[in-house]
Engineer: 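Just passing along the structure, written as structure tokens.
No hydrogens, no waters, no symmetry mates; every other heavy atom, side chains included, goes into these values.
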Amino acid sequence: MSDLSTLLEVGGPVAALGGGAAYARAKHPAAYWSTVGLPASMVRLLSSYGSVMEACGLTVTPSRLRALAVKAMTQREVRTVPPRRGLIRPTTTGLRLRLRLAPGQEPADFAASAERLRHAWGVHAVYVTTVKPGVIELRLVGYDVLRRVRMPRKIASGFLKVPVALREDATPFIRDYRTIPHQLTLGSTLSGKSMYLRHLITGLAPQPVALVGIDCKRGVELAPFASRLSALATDPEQAAELLPVLVKEMEDRYDLIKARQGIAHDTPDEEITSDVWGLPEHERPVPVVLFVDEVAELFMVATKKDEERRDEMVTQLIRLAQLGRAAGIYLEVCGQRFGAELGKGATMLRAQLTGRVCHRVNDEASAKMALGDIAPEAVYAACSIAPERPGLAVAGDTSGGWSRIRTPYLSLADAAETCRKSAHLAPSLPSLKPFRPDVPVRPVETAAPVVLPHPVTD
């Protein structure tokens, strides 16, 4: 009887501790990783590093000098050795470990064994990156960082750089317009595309950048940010008037570059290799970022007259995509559906958009249109996004690299308030002044009159 009572006394706290750990792992994975997962993974890694590398086929034959020393001193059989390991650096989301590759090894060998390393060391995922020739870094992620997105506290951002989402390897996904000038963003209803757009606009709002919007849904997506926009078109008719103005602005900037560098006035724009960033700062025009929401609305036609207008708008969009980067004009093309069946010019426009972000879409053709020319496995990853995870997307570029990302939640009220506070930073471009949206004046909230107490008299 006494043994049973002792067992109950000991088992109660142990069961409570186990239950608390399970609850923390499910509801607070970051706290669980810092207290339980990190020490356990470090012990598992240090104790099994050599055997795991050998089981994965990542060991190599030692040098001849080392083999002779082993035979002379221990008389044991010479075994293969794992890559030399550097210091283990813990992070809030996992571990970092640098390895020096042995002669004959390459990073692809470790990338192919990433799944086996993940199971061997009990972590959520393992990613391999090349630091320099002969040195790679293993990034071990302890838990699913995309389930509840928390952006890193310190993010190296800058001019025309917006940290907009979190990658699956716990690094920030930064939209850099200087590196990737134009991008295609696709996503069906409730997929998180609008949230992605909010982060882009609020990230650019405090910067000296002219924001221009084309929102053919009567402006319901971009109208809340009208106080920060330099121009806004809310239907195809207004877009048909705005796009030629942007093309003319681009041509004027090319003339400015020609005049500064002494290039002949009749030189074609395609032959000018420099850009506005080579101009002095006091002469450099402000960058322009054009947001096109629901791009399919610009392609749809009902009459012959609409078809002519469509062809003109698509031609102007293609010109901006081809020549806009050197003039400091960048495109952010968004839509629910994008395919060759939209009409003439759709595939040609897609070819000029270097960056690709694909949220959950309703058909495989849209995912192929966004990511098919990057990597087939990226298309499969985009088609497998669950509706229960809004904001999850597959991001890639035409270099072939891709990764899963997820945008943190940002309310529309907070995004609109950020734009209102940055309204004074909106550049004044004379050519875009007719398209400047009218921002209604917010009513001033007056406090209720204060009622002073009256003395009680007889």
Engineer: Taking side chain to side chain contact (heavy atoms under 4.5 Å, CB included) as the criterion, tell me which of L242, I318, L298, I214 meets it with M313.
Structural biologist: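 The passing option is L298.
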Engineer: Quickly, which of R218, R198, K193 forms a salt bridge (charged side-chain N to carboxylate O under 4.0 Å, His left out) with D293? Name it, please.
Structural biologist: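 Option passing the salt bridge (charged side-chain N to carboxylate O under 4.0 Å, His left out) with D293: K193.
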Engineer: Report yes if the side chains of E332 and Y196 come closer than 4.5 Å at any heavy-atom pair, otherwise no.
Structural biologist: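 Yes, their side chains come closer than 4.5 Å.
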Engineer: So does L160 get a backbone contact from the side chain of Q207, meaning a donor-acceptor N/O pair under 3.5 Å?
Structural biologist: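 Yes; judged by distance alone, with no hydrogens or angles, the pair exists.
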Engineer: Under the 3.5 angstrom rule, does the side chain of R406 hit a backbone N or O of P390 as a donor-acceptor pair?
Structural biologist: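 Yes; judged by distance alone, with no hydrogens or angles, the pair exists.
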Engineer: So does A370 get a backbone contact from the side chain of R356, meaning a donor-acceptor N/O pair under 3.5 Å?
Structural biologist: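 Checking the backbone N and O of A370 against the side chain of R356, a donor-acceptor pair under 3.5 Å is found.
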Engineer: Report, as yes or no, whether the 6.0 Å neighbourhood of atom CG on L190 holds more than 12 heavy atoms from other residues, nucleotides or ligands.
Structural biologist: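 No, CG of L190 has 12 or fewer neighbouring heavy atoms, counting only those of other groups under 6.0 Å.
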Engineer: So do the side chains of F291 and L200 get within less than 4.5 Å of each other, counting heavy atoms only?
Structural biologist: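 Heavy-atom side-chain distance check passes, below 4.5 Å.
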Engineer: Please indicate whether L46 has more than 12 foreign heavy atoms, meaning atoms of other residues, nucleotides or ligands, lying under 6.0 Å from its CG.
Structural biologist: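 It does: L46 CG has more than 12 such atoms within range.
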Engineer: Can you tell which of C419, S422, P224 makes a side chain to side chain contact (heavy atoms under 4.5 Å, CB included) with I201?
Structural biologist: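 Testing each of C419, S422, P224 against I201, the sole residue satisfying side chain to side chain contact (heavy atoms under 4.5 Å, CB included) is C419.
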Engineer: Provide the full list of side-chain hydrogen bond (donor to acceptor under 3.5 Å, both in side chains) pairs with a residue in residues 87-106, sequence neighbours left out, each pair given once.
Structural biologist: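 The answer is R89-E137.
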Engineer: Surrounding CD of E377 (heavy atoms of other residues, nucleotides or ligands, distance under 6.0 Å), is the total greater than 12?
Structural biologist: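 Yes.
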Engineer: Give, for atom CG of L166 and atom CD of E168, the distance between the pair rounded to the nearest 0.5 Å.
Structural biologist: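 Going from CG on L166 over to CD on E168, the span is 10.0 Å.
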Engineer: Quick one, L99 and P82 - any side-chain contact, counting heavy atoms below 4.5 Å?
Structural biologist: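 L99 does not reach P82 side chain to side chain.
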Engineer: Considering only heavy atoms from C-beta outward, does the side chain of L211 approach that of F225 to under 4.5 Å?
Structural biologist: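 A side-chain contact under 4.5 Å is absent here.
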Engineer: What is the ring orientation for F299 with F338, classed by angle as parallel under 30°, tilted 30 to 60°, or perpendicular over 60°?
Structural biologist: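 It falls in the perpendicular class, over 60°.
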Engineer: Any salt bridge between E281 and R284, counting N to O under 4.0 Å?
Structural biologist: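 Looking at E281 and R284, the cut-off is not met.
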Engineer: Taking the side chain as C-beta and beyond, is there a heavy-atom pair between I405 and V164 under 4.5 Å?
Structural biologist: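 No, too far: nothing below the 4.5 Å cut-off.
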Engineer: The criterion is side-chain hydrogen bond (donor to acceptor under 3.5 Å, both in side chains); which residues satisfy it with S34, sequence neighbours excluded?
Structural biologist: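 side-chain hydrogen bond (donor to acceptor under 3.5 Å, both in side chains) check on S34 returns nothing, list empty.
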Engineer: Mind telling me whether H182 and Y330 have parallel, tilted or perpendicular rings, with 30° and 60° as the class edges?
Structural biologist: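 The rings of Y330 and H182 sit tilted, inter-plane angle from 30° to 60°.
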Engineer: Can any side-chain N or O of S384 pair as donor or acceptor with the backbone N or O of Y380 at less than 3.5 Å?
Structural biologist: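 Indeed, once roles are kept as given, a pair shorter than 3.5 Å links the two residues.
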Engineer: Taking the side chain as C-beta and beyond, is there a heavy-atom pair between M369 and T347 under 4.5 Å?
Structural biologist: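 A side-chain contact under 4.5 Å exists here.
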Engineer: Examine distances only and state if a side-chain atom of S47 and a backbone atom of R44 form a donor-acceptor pair shorter than 3.5 Å.
Structural biologist: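 Confirmed, S47 side chain pairs with R44 backbone.
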Engineer: Just checking K421: does its NZ atom have more than 12 heavy atoms from other residues, nucleotides or ligands closer to it than 6.0 angstrom?
Structural biologist: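 No.
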Engineer: Give a yes or no on whether the backbone of G94 and the side-chain of H124 come within a donor-acceptor separation of less than 3.5 Å.
Structural biologist: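 No: the side chain of H124 does not pair with the backbone of G94.
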Engineer: Counting N and O atoms only, with roles assigned by atom type, does the side chain of R253 sit under 3.5 Å from a partner on the main chain of A327, one being a donor and the other an acceptor?
Structural biologist: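 Yes, R253 side chain to A327 backbone: donor-acceptor pair under 3.5 Å.
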Engineer: In Å and rounded to the nearest 0.5 Å, what is the CG to CG distance from L246 to L320?
Structural biologist: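 One gets 6.0 Å once the value is rounded to the nearest 0.5 Å.
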Engineer: Report yes or no: is the cationic atom of R85 (NZ for Lys, CZ for Arg) closer than 6.0 Å to the six-membered ring centre of Y49, at no more than 45° off its axis?
Structural biologist: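 That pair qualifies as a cation-pi contact.
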Engineer: What is the distance from atom OG of S403 to atom CG of D169, rounded to the nearest 0.5 Å?
Structural biologist: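 So the gap between those two atoms works out to 6.5 Å.
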Engineer: Between F173 and R175, is there a cation-pi geometry (under 6.0 Å to ring centre, at most 45° from the normal)?
Structural biologist: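 Pair R175/F173 does not count as cation-pi.
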